[in-house]
Amino acid sequence: LLRRRDDTLTDSEADRLADALGDLPLAIDQAATWRVETGMPVEEYLELLGTKTSELFREDEPAEASQRSVTAAWSVSLDRLAGRNPASLRLLQVCAFLAPEGISRALFTRARATMIVPELDEALRDPVALSRAVREVTRYSLIRLNHRTKAFQMHRLVQKVLIDRMTRGERETMRRGAQALLAASDPADAADPENWPRYAELYPHVLACDAVHSGDTWVRELYLNEVRYLYNWGDHRAAHALALDGYRTWARTLGADDAQTLLVAGWLSFILFVIGSFREAADLNEQLLDACTRVYGEEHDATLEALGAVAADRRVQGAFDDALVLSQQVYDRLVRILGPDDPATLTAAHHVSVTYRLLGQFATASELARETLQRRQTQLGADAIPTLTTASGINTDHRELGEYILARHQQEEVVTRLRVALGSTPDVEDNPQLLRARRNLAVARRKAGDHTGALEVSHDVRERLMGRYGPDYPDTLAASLCLSMDLRQTGDLAAARDLCADTLDRYRTVLGPTHPHTLAAAVNLGLTHRLGGDVITAYPTDLDALTHLRNTLGEDHPATLIARINLASDHYALGDAEQARHLDTDVVEQAIRLLGTTHPITLAAQTNLAIDLRRL
C-alpha cells in the first residue's frame with residue numbers, strides 16, 4: 001500500500017514505516033497520503049510520528065498499539081491542517097459530533113447565517129473558502145467525499161481523535177455548532193413526503209449530536225420534527241423511542257409545563273395510541289389535558305388538541321357516546337376560535353365523523369365528512385394526504401350504506417392517488433397510511449363481489465403489517481380480521497377459522513373482551529364455525545357476542561343487527577326453523593327501519609326469512 005502511493009520508497013523504508021504504524025491499513029493510508037502531499041522523507045516522518053506518540057500517550061497508559069499508531073498518524077495531519085487552513089480543522093471538529101456517514105455537503109451550504117466559530121463562519125459565508133476547506137480535509141484523507149451522493153464519510157476513530165484533542169469548551173462549542181448546522185437544514189414540514197428524504201438524512205445526526213439536550217429552541221424543534229417524520233414515514237417504534245427520550249429529558253431540564261415539553265408529550269401519547277399501548281396513552285393524555293388547561297386555559301388550541309386525544313382514548317375504550325360528546329366539543333370550540341377552514345378544525349371535524357362511523361350513524365358521518373372533504377380540497381389540495389384520508393372515510397360510509405359498487409370504484413381511485421401523494425420511494429408500499437387505505441379497498445372489493453381481488457389485497461396488506469409492526473399492532477389486527485373474511489369468502493374455511501380465532505384472542509388482550517371490535521371478531525368466528533359445519537360451537541359464540549353488543553352499542557347499531565342475523569342462522573342450522581323465523585321477522589323489520597328496503601343487509605335478512613318460511 002505504501003509503495004503503490006510512492007514507488008520511490010525502498011522495501012526497507014516501507015517495512016520501517018509499516019512496522020511503526022502497526023501494519024494497520026488506516027494508519028498506513030494516512031501516512032501514505034501525508035508523504036504524497038508533503039514529500040517528507042521517511043526518517044523525518046518516523047521522528048515526527050514518535051514525537052506525537054509520546055505526546056499523546058503516557059508509557060503507563062493502556063492503549064492498544066493500533067490505537068497509538070492511528071492516533072499519532074492522524075495527529076500529524078491535523079497539526080499541519082491547523083496551520084495551513086484553520087477553517088478546515090474547524091469543519092472537521094464539527095463533523096466529529098455528527099454521525100460518521102452521510103454527512104451531506106449541503107449541511108454547510110445551507111448554514112450561511114449560522115454562527116459557530118469565526119474561522120468556520122467565514123467559510124460558511126464564502127463558497128470559495130468553503131470549497132477550499134473541504135479540499136484540504138479530503139487531501140489528507142481525514143474525511144472522504146462521495147462525489148455521487150455529495151456526502152462526507154469520516155471514520156469513527158478520526159472523530160475520536162478530534163474530540164480527544166479538543167478542550168472541554170471546544171467540545172461544547174462544536175457540539176452546539178453541529179446542532180445549529182442541522183437546525184439550519186430543517187425543512188419545517190415533516191408531514192410532506194417531499195421532505196422525508198431530508199429528515200431521513202438528518203435523523204442519525206440528530207441522535208449523534210445529542211440534540212435532545214440542546215438549549216436551542218430551534219434544535220429542539222428539529223427534534224420534534226424528526227418525531228413527526230418517523231410517524232408519518234411509518235417507523236412508529238423509532239418515533240416512540242425518540243418521543244419518549246425527548247419527553248423524559250425536557251420534563252427534567254425544561255419543566256413539565258414548558259411549551260416544547262407539552263408538544264413532545266402530545267406526540268408521545270399519540271404514538272403510544274398508534275402502536276396499541278392504549279392504557280399508557282390514556283394516562284398521559286389525562287396528565288397532558290390537565291397541564292394544558294393549567295398553562296393555556298380551556299380555549300387554547302393545545303388544550304383542545306389534548307381534549308381530542310382524550311376523546312380518542314374513549315373511542316378505543318369502546319365508549320363511543322362519550323367520545324362523540326368530547327369530539328364535538330373540540331370541533332365546536334375550534335370553529336369558534338380558529339374558524340371552519342383551519343387545518344386543526346378540519347382534523348377535529350374528521351374525528352367527529354370517525355366517531356359517528358363507529359356509532360353506526362353512517363349517513364351523518366358522510367354528511368360531515370363531505371363538508372370536511374370540500375374544505376380540505378380548498379385549503380390543502382385534492383391530493384393532499386389528509387384530503388385522501390377523509391375521502392377514504394367517505395367510501396366507508398358509501399359501503400356501509402349499501403353502495404357497494406360506488407365504494408369500490410372510489411376507493412380504487414383513492415389508493416391510486418395516495419400512492420402518488422406519498423412519492424416514489426422504494427418503501428412506499430409499506431407506508432401505514434397506504435396500507436389502511438388498501439385494507440379499506442379489500443373490504444370494498446369483497447362487498448362488491450370481487451372476492452379474489454379482495455383476498456389478493458388483504459393478504460398483501462397483512463403480510464406487510466406483520467413484517468413491519470408485528471401481530472398485535474392495531475392495524476395488523478384489523479387486517480388479520482379482514483383477511484380471515486376473505487379466506488372464508490374464497491372457500492378456505494380452515495385457514496379463515498384459525499386466523500380469526502387467533503385475531504379474536506389478540507383483540508381480547510389488546511382491547512378487552514367486550515370491546516366492539518373484539519365482539520365483531522367473535523361474530524365472524526361464529527359465522528366461520530357455522531359454515532364449516534360446527535354450529536354447536538358457533539351458537540354460544542354468537543349468543544355471547546350479541547349479548548355484549550346490545551349492552552355496548554345498543555339494539556339499533558348495524559353490528560348488533562348483523563349479530564342477530566347470525567344467531568337466527570344458527571337456530572336454522574340447529575333445526576329450529578320456528579325460532580329462526582321469529583328472529584328473522586324482527587330482523588327484517590329492524591333492517592328496513594334502520595337501513596331501508598334496498599340495502600343489501602335488508603335483502604339478505606329477507607332472503608333468510610323466506611328460507612325459514614319454506615322450511616316451515
Side-chain angles (χ1 to χ4, degrees), residues 360 399-402 404 443 446-449 451 454-455 481-501 503-504 513-514 516-616:
R399 187 186 74 228
E400 296 304 321
L401 290 169
Y404 292 166
V443 179
R446 181 173 71 247
K447 291 290 187 178
H451 301 309
L455 179 64
L481 186 59
C482 178
L483 176 59
S484 72
M485 296 180 198
D486 292 330
L487 288 167
R488 184 182 71 228
Q489 290 285 9
T490 51
D492 195 345
L493 292 177
R497 180 196 63 230
D498 293 344
L499 179 57
C500 191
T503 304
L504 175 58
T514 61
H517 294 352
T518 306
L519 300 175
V523 170
N524 277 286
L525 181 59
L527 173 58
T528 307
H529 279 308
R530 186 178 72 250
L531 293 177
D534 187 5
V535 69
I536 300 300
T537 302
Y539 176 75
T541 301
D542 286 333
L543 181 61
D544 181 71
L546 175 59
T547 301
H548 288 298
L549 282 168
R550 280 174 166 152
N551 292 334
T552 57
L553 298 179
E555 195 68 39
D556 287 344
H557 195 284
T560 306
L561 178 63
I562 291 170
R564 293 183 68 202
I565 292 173
N566 276 288
L567 188 65
S569 296
D570 291 341
H571 280 289
Y572 184 90
L574 287 167
D576 191 352
E578 179 58 41
Q579 182 62 20
R581 182 196 64 79
H582 174 71
L583 292 174
D584 280 331
T585 300
D586 289 343
V587 165
V588 167
E589 293 176 358
Q590 185 185 24
I592 291 173
R593 175 170 56 84
L594 295 176
L595 306 175
T597 58
T598 61
H599 194 288
I601 291 178
T602 304
L603 301 178
Q606 289 175 321
T607 302
N608 286 349
L609 179 57
I611 294 172
D612 299 336
L613 292 170
R614 184 166 60 212
R615 171 67 66 85
L616 291 168

Chemist: Just grab all the side chain to side chain donor-acceptor pair (under 3.5 Å) pairs involving residues 592-610, residues at least two apart or on different chains.
Modeler: Asp556-Arg593
Chemist: Search all heavy atoms of Ala563 against all heavy atoms of Leu549 and return the closest pair with its distance.
Modeler: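 Heavy atoms of Ala563 and Leu549 come nearest at CB-CD1, 3.7 Å.
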Chemist: With a 4.5 Å heavy-atom cut-off, do Met485 and Leu481 have their side chains touching?
Modeler: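 Result yes, sub-4.5 Å side-chain heavy-atom pair found.
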Chemist: Could you tell me which non-hydrogen atom of Ala568 sits nearest to which non-hydrogen atom of Asp584, and how far apart they are?
Modeler: CB-OD1, 3.2 Å
Chemist: Could you tell me whether the side chain of Arg530 reaches within less than 4.5 Å of the side chain of Leu527, counting heavy atoms only?
Modeler: yes
Chemist: Report the distance from atom CD1 of Ile601 to atom CD1 of Ile565, rounding to the nearest 0.5 Å.
Modeler: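 It comes to 6.0 Å.
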Chemist: Report the residues that fulfil salt bridge (charged side-chain N to carboxylate O under 4.0 Å, His left out) with Arg446, sequence neighbours left out, ordered by chain and then residue number.
Modeler: Asp486
Chemist: So, taking the atom named CZ in Arg488 and the one named CG in Leu531, what distance separates them when rounded to the nearest 0.5 Å?
Modeler: 6.5 Å
Chemist: Could you list the donor-acceptor pairs under 3.5 angstrom formed by side chains in residues 538-545, with sequence neighbours left out?
Modeler:
residue, atom, partner, partner atom, Å
Thr541, OG1, Thr537, O, 2.9
Asp544, OD1, His548, NE2, 3.4

Chemist: Given side chains that start at C-beta, do those of Arg497 and Leu525 come closer than 4.5 Å, heavy atoms only?
Modeler: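 Answer yes - side chains close enough.
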Chemist: Taking the side chain as C-beta and beyond, is there a heavy-atom pair between His571 and His582 under 4.5 Å?
Modeler: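 No. Closest side-chain heavy atoms not under 4.5 Å.
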Chemist: Which residues pass the salt bridge (charged side-chain N to carboxylate O under 4.0 Å, His left out) test with Arg614, not counting sequence neighbours?
Modeler: none
Chemist: Supply the atom-to-atom distance Leu594 CG to Glu555 CD, rounded to the nearest 0.5 angstrom.
Modeler: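 Output value for this atom pair is 9.5 Å.
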Chemist: Going from CG on Asp586 to CZ on Arg581, what distance comes out if it is rounded to the nearest 0.5 angstrom?
Modeler: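 Rounded to the nearest 0.5 Å, the CG-CZ separation comes out at 9.5 Å.
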Chemist: Check Leu504 against Ala522 and note the closest heavy-atom contact, atom names and distance.
Modeler: CD1-N, 3.8 Å
Chemist: For the CG atom of Asp534 and the OG1 atom of Thr528, what is their distance to the nearest 0.5 Å?
Modeler: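 Those atoms lie 11.0 Å apart.
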Chemist: Considering only residues two or more places apart or on different chains, which pairs with a residue in residues 594-607 satisfy salt bridge (charged side-chain N to carboxylate O under 4.0 Å, His left out)?
Modeler: none
Chemist: Could you tell me whether the side chain of Leu401 reaches within less than 4.5 Å of the side chain of Leu595, counting heavy atoms only?
Modeler: no
Chemist: With sequence neighbours excluded, what pairs up with His557 under the side chain to side chain contact (heavy atoms under 4.5 Å, CB included) test?
Modeler: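 Per chain and number, His557 pairs via side chain to side chain contact (heavy atoms under 4.5 Å, CB included) with Leu553, Ala559, Thr560.
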Chemist: For a 4.5 angstrom cut-off between non-hydrogen side-chain atoms, does Thr547 reach Asn551?
Modeler: yes
Chemist: Can you give me the closest heavy-atom contact between Leu499 and Ser484, atom names plus distance?
Modeler: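 Result for this residue pair: CD2-N, 3.7 Å.
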Chemist: Tell me the closest heavy-atom pair linking Ala496 and Leu487, and the distance in Å.
Modeler: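 Shortest heavy-atom separation between Ala496 and Leu487 comes out as CB-CB, 3.8 Å.
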Chemist: If you compare all heavy atoms of Arg399 against all heavy atoms of Tyr404, which two are closest, and at what distance to 0.1 Å?
Modeler: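 That closest heavy-atom pairing would be O-CE2, 3.0 Å.
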Chemist: When rounded to the nearest 0.5 angstrom, what distance separates CD in Glu400 from NZ in Lys447?
Modeler: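 Between atom CD of Glu400 and atom NZ of Lys447 there are 6.0 Å.
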